[in-house]
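The structure under discussion appears below in the form of structure tokens.
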Amino acid sequence: MSAAVLSLLTKSTVRIGEVPVGSARPVLIAGPCAVEPDYVETAERLRLLGVDILRGCAFKPRTRPDSFQGMGAAGLELVAEARRRTGLPVVTEVVAEDEVAIVAAVADCLQIGSRNMQNFRLLVRTGESGLPVLLKRGFSATYDEWLAAAAYIQQTGNDRVILCERGIRTFEPRTRNTLDLSAVPALRELTDLPIIVDPSHAAGRASLVPPLCRAALAVGADGLMVEAHPRPRDSWCDAEQALSLEELAPLVAWMTTG
Ligand code: PEP
Ligand code: MN
């Protein structure tokens, strides 16, 4: 039996709240880049659309120090409220070791962003929370470096790791990053961890997101993470790549009906 077939048979499922990631049905994680003051209302609209899992970061690792860094603790309160009101699980990012506990208190899954993929102490602390960890690929990380980062989490005894391809840095400037779809089938041969795809941070442009979503599922991704905002142009972070909720709706319909 080929390695690819074998790894499909041994593929593991990681639950975020009650939602299995890595089962037969691909999941949709969606929400704004950053938690903003209207996050709870946005979350309710996302639930009505049929999104499986919410995203939204209260702590943002930004390239520039003068960019919005996230609402912080006030944002976590909105995450907790959104979770209560919608009943949906939430993925949100941790950027610092000493913030893992407060984020873990409200989240169903901790996200390690691309910029922190090799922040080894943060990986260990995050693993020790016992929560599922969504590990984004560093934008210049090889598959082996990415899996080694996952091993830091797994070594804490936490095997609830979900890998997320979000584009890598190449010579092409017209997209924010280059979505490496090879990662999905290639990693299937190397690991039994679930693999999802984030086309938003790869493309950097909303118009490219729906076709890349379809491509990601065609190569076997276990789910998608998509940035969506009720008024994309007003988004406090990553405005160019956010889908409006009207643009997200056909994607949800396509995912549920095929
Ligand atoms: C994000 O998901 O909001 C984010 C910052 O993504 P990445 O770490 O992939 O850049
Ligand atoms: Mn973003």
Side-chain angles (χ1 to χ4, degrees), residues 16 21 27-36 39 42-43 46 51 53-65 67-72 75-76 78-79 90-96 99 103 107-119 122-123 126 132-141 145-146 149-150 153 161-170 175-181 183-184 195-206 208-209 212-213 216 221 223-244 248:
I16 300 182
V21 183
V27 299
L28 178 61
I29 304 172
C33 180
V35 171
E36 299 180 19
Y39 186 68
T42 302
L46 290 166
V51 163
I53 298 168
L54 299 171
R55 65 150 286 147
C57 300
F59 293 98
K60 296 291 316 165
R62 302 305 299 278
T63 301
R64 291 176 187 79
S67 300
F68 171 59
Q69 303 285 316
M71 289 183 69
L76 290 182
L78 295 175
V79 166
V90 183
V91 180
T92 191
E93 183 157 352
V94 276
V95 301
E99 286 158 359
V103 179
D108 297 276
C109 176
L110 300 178
Q111 175 173 321
I112 297 283
S114 195
R115 290 156 190 78
N116 274 317
M117 190 206 80
Q118 287 188 315
N119 184 338
L122 179 63
L123 295 174
T126 304
V133 180
L134 192 152
L135 179 63
K136 289 194 146 195
R137 181 184 184 180
F139 44 66
S140 297
E145 288 165 340
W146 190 8
I153 300 165
V161 181
I162 298 164
L163 301 170
C164 178
E165 161 63 35
R166 48 74 73 205
I168 52 174
R169 185 162 280 184
T170 69
T175 48
R176 185 175 180 183
N177 292 280
T178 296
L179 184 60
D180 176 18
L181 283 178
V184 178
I195 307 155
I196 69 163
V197 170
D198 167 357
S200 304
H201 291 87
R205 192 143 43 91
L208 303 185
V209 170
L212 293 179
C213 285
L224 302 169
M225 175 180 261
V226 174
E227 287 191 342
H229 191 282
R231 299 167 315 282
R233 272 178 301 175
D234 296 339
S235 182
W236 289 9
C237 186
D238 287 349
E240 311 75 32
Q241 68 197 35
L243 294 185
S244 67
L248 187 68

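As the structure lists them, so they are numbered: ligands from 1, and atoms in each ligand from 1. Predicted, not measured: the structure shown is a model, and the values here were computed from it.
- Looking at Met225 against ligand 1, nothing comes within 4.0 Å, counting heavy atoms.
- For Arg62, the salt bridge (Lys or Arg N to Asp or Glu O under 4.0 Å) criterion is met by no residue, not counting sequence neighbours.
- For atom 3 (O) of ligand 1, the candidate residues are Lys60, Arg137, Glu93; the nearest heavy-atom contact is made by Lys60.
- Closest to atom 6 (O) of ligand 1 among all protein heavy atoms lies Lys136 NZ, 2.9 Å.
- Checked against side chain to side chain contact (heavy atoms under 4.5 Å, CB included), Ala216 has the following partners two or more places apart in sequence or in another chain: Leu181, Val197, Ala221, Leu224.
- For the pair Thr42/Glu36, no side-chain contact is recorded, criterion being any heavy-atom separation below 4.5 Å from C-beta on.
- Geometrically, ligand 1 and Arg166 share a nitrogen or oxygen pair separated by less than 3.5 Å.
- When each atom of ligand 1 is checked for a heavy atom of Gly113 under 4.0 Å away, the hits are 8 (O).
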- Check the pair Val51 / Leu248 against side chain to side chain contact (heavy atoms under 4.5 Å, CB included), numbers first and verdict last. CA-CA 9 Å; Val51 163; Leu248 187 68; 3.9 Å; yes
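- If you number the atoms of ligand 1 from 1 as listed, the ones under 4.0 Å from a heavy atom of Gln111 come out as 1 (C), 2 (O).
- Side-chain contact between Leu135 and Met117: present, with at least one pair of heavy atoms (C-beta onward) separated by less than 4.5 Å.
- Glu227 meets the salt bridge (Lys or Arg N to Asp or Glu O under 4.0 Å) test with Arg55; sequence neighbours excluded.
- In the vicinity of Cys33, heavy-atom distances shorter than 4.0 Å reach the ligand 1 atoms 3 (O).
- Close approach of ligand 1 to Glu227 (heavy-atom distance below 4.0 Å) involves ligand atoms 3 (O).
- Nearest heavy atom pair, residue Leu243 against residue Ala206, reads CD2-O, 3.5 Å.
- A side-chain donor-acceptor contact under 3.5 Å links Asp238 and His201.
- Gln111 places a side-chain heavy atom less than 4.5 Å from the side chain of Leu134.
- The protein atom (non-hydrogen) at minimum distance from atom 4 (C) of ligand 1 is His201 NE2, 3.4 Å.
- Across Phe68 and Val35, no two heavy atoms sit closer than the pair CZ-O, 4.4 Å.
- When side chains are defined from C-beta on, Arg137 counts as touching Asp180, because their heavy atoms get closer than 4.5 Å.
- Nearest to atom 8 (O) of ligand 1 among the protein's heavy atoms is Ser114 N, 2.7 Å.
- Listed by chain and number, Cys33 SG, His201 NE2, Glu227 OE2, Asp238 OD2 are the protein N/O/S atoms closer than 2.8 Å to the Mn ion (ligand 2), with waters left out.
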